[in-house]
Amino acid sequence: MDPLKALADAERKPYWLDSPAKPEPLPRLFGNTTAGLAVVGGGFSGLWTALMAKERDPSLDVVLLEGKKIGWAASGRNGGFAMATLTHGIANGLERWPEEIALLEHMGLTNLDELGETVARYGIDCGYERTGELHVATEPWQLAEMHQSVEVARELGVRFDVLDQDQVRAEVNSPTYVGGHWERDGCAMLDPARLAWGLRQACLSLGVRVHERTPVRHMRDAGTHMELLTPHGTVRAQKVALGTGVFQPLLRRLRHFLVPVYDYALMTEPLSREQLASVGWHNRQGVGDSANQFHYYRLTSDNRILWGGYDAVYYNGGRIKPEYEQRDETFVKLAEHFFTTFPQLSGLRFTHRWGGVIDTCSRFSAFYGTAHGGRLAYAAGYTGMGVGATRFGANVMLDLLGGEPTERTGLRMVREKPLPFPPEPVRSAGIQMTRWSIAQADLHQGRRNLWLRTLDKMGLGFDS
Ligand SMILES: Cc1cc2nc3c(=O)[nH]c(=O)nc-3n(C[C@H](O)[C@H](O)[C@H](O)COP(=O)(O)OP(=O)(O)OC[C@H]3O[C@@H](n4cnc5c(N)ncnc54)[C@H](O)[C@@H]3O)c2cc1C
């Protein structure tokens, strides 16, 4: 199938946000106000923080300020894989926090259970399905690496089913698969934009004041409280939680730890019954392949296929620009890979193509902290795995603002910061070298060159 033909009619916007369920934006903030807690950012991070702050203390006066619209950024345009992992996978967590990994896995599963319970409790219609994730290998060397992590996972009590070539193809039928495993509990599929809009509604129902199109331009420590300055009003808040993702941080120190990395995705038209039968996919798992440059893909409730990943693009200089959300070179590559994976779907067309920016940090999993004498908390750096983990991060921020030690705030993962990225232009040079090396590793049976091995030793990395 000619990828250009398949892409010809694809709209240049995120599929999930292009929905009749999209709510009208809530009013801007006009005038001055006060709050017990001001949450900045209306992605998952901010929404979970505002919601759970109210659940913890219904009398707390909470205001949420979103610069554009709720869920417009990464939260409303991602793959919709809500993962249990808090550490960007077991292998990364084991490498960094071996003594905590069992607890972290347990906390991650509990977090995902509670996420599902919240979705049910507030009746959020976001197509939530706890189908797990199928990790597929397309080369024998990936299989060997996969088996190692399965062993570790099993020792930690995580439910992994190892599948040989026939078994994995019986789940999802692609001639490219050589084997895989099914992580049954570790992942749920959902419609991320509908989750964000549903969380907005849940916040409103508990009395959170939500203002959209209200960017916080400056933040000031006024001694007894914080002041947040927006274009048409000011919030005097006792406490502040920052859920601003990768965008220009209000706290300067965060800029050393975060780089914007663009990730891209395609959505197909709905599959016919015959097309779906040709792929199987009865158990509707999310699927990820196991190269360093990996694809992720899944079914939607109306049986489209979302197909994303592979290219993780850092634009030199580290700017965030709307035009970076479209990259034809990547879309063509993704379409080619799609038809290599599913040749039986030749003729299928894509309806949407889009990209989004990811808050990447050098340890691949979120970091947390406080500032201004404990009046402000932040969580950022989810590195492409924040759909589930932002809920955990929101709980960490609320614990930190509460000031009392908790099991979460005692974690080394929470207390430690990632290594900062070097300043530009070394930053761009280093990241492009890393991207090139990762692509080379995939071409050479996963063998990591000296550059990657050195970064591994330093605990530094680059991922989406
Ligand atoms: C294409 C793509 C695919 C992905 N797929 C997955 C996936 O399948 N599974 C997964 O777990 N993760 C995935 N991710 C990552 C996931 O989407 C993010 O980790 C998560 O959404 C981060 O949420 P957030 O609230 O921290 O950030 P964001 O969603 O970026 O929200 C931050 C918000 O803060 C607002 N803001 C920033 N500064 C200010 C300010 N000064 N004043 C007011 N508002 C401000 C912004 O406008 C924005 O709305 C993907 C990301 C992308 C881009």
Side-chain angles (χ1 to χ4, degrees), residues 14-16 28-29 38-50 64-86 88-89 112 115 133 187-190 192-193 195-196 199-200 211-219 228-231 235 240-251 254 258 260-267 286-288 296-298 306-309 311-313 320 324-325 330 334 353-361 364-366 378-391 393-394 397 464:
Y15 167 76
W16 309 111
R28 297 176 161 92
L29 174 70
V39 178
V40 188
F44 290 142
S45 184
L47 288 162
W48 281 116
T49 308
L64 186 153
L65 306 171
E66 162 52 45
K68 293 190 175 179
K69 291 184 189 165
I70 294 292
W72 76 273
S75 296
R77 60 180 67 208
N78 57 63
F81 287 54
M83 326 265 237
T85 180
L86 304 173
H88 211 273
L112 187 56
L115 188 155
E133 184 173 359
C187 186
M189 294 293 114
L190 50 79
L195 175 61
L199 290 173
R200 182 186 92 150
H211 295 285
E212 296 183 58
R213 294 168 299 172
T214 304
V216 177
R217 299 267 193 241
H218 296 288
M219 191 172 65
L228 303 176
L229 279 60
T230 76
V235 180
V240 172
L242 291 186
T244 49
V246 71
F247 299 95
Q248 173 96 29
L250 291 163
L251 199 61
L254 296 188
L258 294 169
V261 172
Y262 280 80
D263 186 37
Y264 297 91
L266 302 175
M267 186 66 89
V287 184
Y296 55 87
Y297 40 108
R298 56 161 294 184
L306 179 149
W307 178 266
D311 269 348
V313 181
I320 297 173
Y324 291 161
E325 292 170 13
T330 296
L334 282 173
R353 52 183 139 175
W354 72 95
V357 63
I358 279 175
D359 55 336
T360 296
C361 74
F364 312 148
S365 62
Y378 59 83
Y382 291 95
T383 317
M385 287 201 193
V387 174
T390 42
R391 187 184 175 281
M397 282 198 276
S464 65

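Since we're looking at a predicted model, the values are computed, not measured. All ligand and atom numbering here is 1-based and tracks the order in the structure. Along the sequence shown, residues carry numbers from 1.
For atom 33 (C) of ligand 1, the nearest non-hydrogen atom of the protein is Glu66 OE1, 3.7 Å. Of all protein heavy atoms, the one closest to atom 34 (O) of ligand 1 is Gly41 CA, 3.3 Å.
Here atom 29 (O) of ligand 1 lies nearest to Ser75 when heavy atoms of Gly71, Gly80, Pro192, Ser75 are compared. Of the candidates Thr383, Leu306, Thr244, Thr244 brings a heavy atom nearest to atom 39 (C) of ligand 1.
The only member of Thr360, Val246, Asp311 that meets side-chain contact (heavy atoms from CB on, under 4.5 Å) when paired with Val261 is Thr360.
Tyr262 and Tyr324 have perpendicular rings, their planes meeting at more than 60° on a 0 to 90° scale where under 30° would count as parallel.
For ligand 1, one of its N or O atoms has an N or O atom of Phe81 under 3.5 Å away. At under 3.5 Å, not a single nitrogen or oxygen of Leu250, backbone or side chain, sits near a nitrogen or oxygen of ligand 1. By the 3.5 Å distance cut-off applied to N or O atoms, Asn78 is counted among the residues near ligand 1. Residue-to-ligand polar distances place Gly386 within reach of ligand 1: an N/O pair is separated by less than 3.5 Å. Here's the thing with Gln248: none of its N/O atoms is less than 3.5 angstrom from an N/O atom of ligand 1. By the 3.5 Å distance cut-off applied to N or O atoms, Met83 is not counted among the residues near ligand 1. Considering backbone and side-chain N/O of Arg77, none are found under 3.5 Å from N/O of ligand 1. Polar contact with ligand 1: absent for Val246 (N/O pair, distance under 3.5 Å). In terms of polar-atom proximity, Val357 is not counted as a contact of ligand 1, lacking any N or O under 3.5 Å from an N or O of the ligand. The distance criterion of under 3.5 Å between nitrogen or oxygen atoms is met by Val387 with respect to ligand 1.
In this structure, Gly243 is part of the shell of residues with a heavy atom less than 4.0 angstrom from ligand 1.
Taking every heavy atom of Tyr296 and a limit of under 4.0 angstrom, the matching atoms of ligand 1 come to 1 (C), 2 (C), 3 (C). Counting the atoms of ligand 1 from 1 in the order shown, those under 4.0 Å from a heavy atom of Leu65 are 43 (C), 44 (N).
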